Amino acid sequence: MTYHLSKHAQEELQKRTIPTEVLESVLEAPEQIVEGQAGKKVYQSRVRFEGNLFLVRVIVAEETTPPLVVTVYRTTKITKYWSTP
């Protein structure tokens with residue numbers, strides 16, 4: 001997927017030590033895409049970091065071309081954010 005990274009997303013990747021490869025993998029093949037706030041989409045996948053399971057969430061504004069990655073973060077609160085049908 002071709003995308004632009006916001007300045008905030010760039011800062012969060014560094015601050016939260018999320019490799020760019022993980023970001024790209026979530027964008028290319030997310031386990032889920034759910035509705036976010038203000039029309040944004042949340043691409044998310046479960047990823048192991050140092051033996052621990054995290055949910056990596058990438059907030060994307062799809063109304064721009066190419067889409068804009070607004071922010072990215074990882075969380076252990078998988079059940080809070082995971083969408084079950």
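Basis for what follows: all heavy atoms, side chains included, without hydrogens, waters or symmetry-related copies. In this text the structure is predicted, and so the values were computed from the model without any measurement. Heads up: numbering here begins at 1 and tracks the sequence.
For residues 44-54, the pairs satisfying salt bridge (charged side-chain N to carboxylate O under 4.0 Å, His left out) are Glu31-Arg46, with sequence neighbours left out. The salt bridge (charged side-chain N to carboxylate O under 4.0 Å, His left out) pairs that include a residue from residues 2-11 are Lys7-Glu11, where partners are two or more places apart or lie in different chains.
Under a 3.5 Å cut-off, the side chain of Thr71 and the backbone N or O of Ile59 do not form any donor-acceptor pair.
With rounding to the nearest 0.5 angstrom, the OG atom of Ser83 is 12.0 Å from the CD1 atom of Ile33.
Taking the side chain as every heavy atom from C-beta outward, Gln44 and Val34 approach each other to under 4.5 Å. Counting only heavy atoms from C-beta outward, the side chains of Asn52 and Thr76 never approach each other to under 4.5 Å.
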Please output the side-chain donor-acceptor pairs of residues 15-25 that fall under 3.5 Å, not counting sequence neighbours, one pair per line with the distance.
from  : atom 1 : to    : atom 2 : distance (Å)
Arg16 : NE     : Glu12 : OE1    : 2.4
Arg16 : NH2    : Glu12 : OE1    : 3.0
Glu24 : OE2    : Tyr3  : OH     : 3.3

Evaluate Ile78 against Leu53 for side-chain contact (heavy atoms from CB on, under 4.5 Å), listing each step before the verdict. CA-CA 9 Å; Ile78 297 170; Leu53 189 63; 3.8 Å; yes
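The hydrophobic cluster containing Val42 does not contain Leu13, counting ILVMFWY residues as joined when their side-chain heavy atoms lie under 4.5 angstrom apart, directly or transitively. Linking Ile, Leu, Val, Met, Phe, Trp and Tyr residues whenever their side-chain heavy atoms come within less than 4.5 Å places Phe49 and Val26 in a single cluster.
In terms of the side chain to side chain contact (heavy atoms under 4.5 Å, CB included) criterion, residue partners of Thr75 (sequence neighbours excluded) are, by chain and number, Leu55, Arg57, Tyr73, Lys77, Tyr81. Residues passing the side chain to side chain contact (heavy atoms under 4.5 Å, CB included) test with Ala61 are Lys40, Glu63, Leu68, Val70, sequence neighbours excluded. Residues that satisfy the side chain to side chain contact (heavy atoms under 4.5 Å, CB included) test with Glu62, not counting sequence neighbours, are Lys41, Tyr43, Val60.
Gln10 and Leu5 get closest at one heavy-atom pair: NE2-O, 3.4 Å. Closest approach of Pro30 to Ser45, counting heavy atoms only: CA-OG, 3.4 Å.
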